[in-house]
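Read the structure below first, then the notes.
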Amino acid sequence: METKRSELRFLRKLDVERHAPHDNKPPIPPMTAKLPLRPPPNYVQTAIFQEYKIIQPTPKCAVNQHGDKVVVKNLGYPTYILRKDYGLMPQYLQKHNEKEKKAQEVAIRAEKEIKETIVREKLEEQQAALEGLKKLWSRLNYEYCCLPLILETRGFKNHKKYLEDSLDWVEKSIKYLEKYRARHPFQMFSELQGTKH
């Protein structure tokens, strides 16, 4: 019995010596020291894990012809709210409005050009009429100046009266046309620019 006890003591002594601190080992930290609870992160392994991680795709369903997709669980809700073009004017209406606007601008431009040509033609006609009246006045004035000073016959007197009346008429017409030329084209051009459709 004593031999067994002595063996046990010897073994305990050996065990204590085996676990005794040596100079080459660091000291064991006391129990009050805070030990790291987890090892430092390994970024390589986490990256590999995320790369090969299988993610289940969320089931989606196409809503319209443009390919807008909606999650299947949201199909019970109104889908027009989730569209990209919700609240915007459709493209075909935008194109239609642009075409109408262009056609309207072309029509306005054509109408303006027509009015300008009409005004130009009227001005040219007035200028031609004025020049014709001036030529007529110069011819009648020449005839009137060529009359003799003493008129003996009745024909000469009637001719003189006719020339005076026609000269008066031509002078009045020239004055009227010059006034009309000064006033009327300005009104026509102002009306032309003031028209809005």
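Excluded from the calculations below are hydrogen atoms, water molecules and symmetry mates; all remaining heavy atoms, backbone and side chain alike, are included.
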Point to revise | Side-chain touch Leu123/Gln126, heavy atoms, less than 4.5 angstrom | key: yes

Review point. Nearest 0.5 Å, what's the CD1-CZ distance between Ile118 and Arg120?
Key: 11.0 Å

Practice item. Start with the C-alpha distance between Glu143 and Arg139, add both sets of side-chain angles, then the distance that settles salt bridge (Lys or Arg N to Asp or Glu O under 4.0 Å), and finish with yes or no. Key: CA-CA 6 Å; Glu143 283 184 21; Arg139 188 171 57 80; 3.5 Å; yes

Exercise for review: Rounded to the nearest 0.5 Å, what's the gap from NZ on Lys102 to CG on Asn97? Could you check?
Suggested key: 12.5 Å

Exercise for review: Rounded to the nearest 0.5 Å, what's the gap from NZ on Lys134 to CD on Glu178? Could you check?
Suggested key: 5.0 Å

**Study point:** Sub-4.5 Å side-chain heavy-atom contact between Glu113 and Arg109
**Key:** yes

Revision key, fill the gap. So CG of Leu140 and OG of Ser166: to nearest 0.5 Å the spacing works out to 4.0 Å

Review point. NZ/Lys95 to CD/Glu98 distance, rounded to the nearest 0.5 angstrom?
Key: 9.0 Å

**Study point:** Closest approach of Leu167 to Asn141 (non-hydrogen atoms, all atoms of both residues)
**Key:** CD2-N, 3.8 Å

Review point. Do Trp169 and Ile174 come close enough that some side-chain heavy atom pair is under 4.5 Å?
Key: no

Practice item. Check which hydrophobic residues are tied to Leu93 through side-chain heavy-atom contacts below 4.5 Å, counting indirect links as well, and list them. Key: Met89, Tyr92

Practice item. Report the distance from atom CG of Leu133 to atom CD of Glu171, rounding to the nearest 0.5 Å. Key: 11.5 Å

Review point. If every non-hydrogen atom of Thr117 is compared with every non-hydrogen atom of Ile114, which pair is closest and at what distance?
Key: OG1-O, 2.5 Å

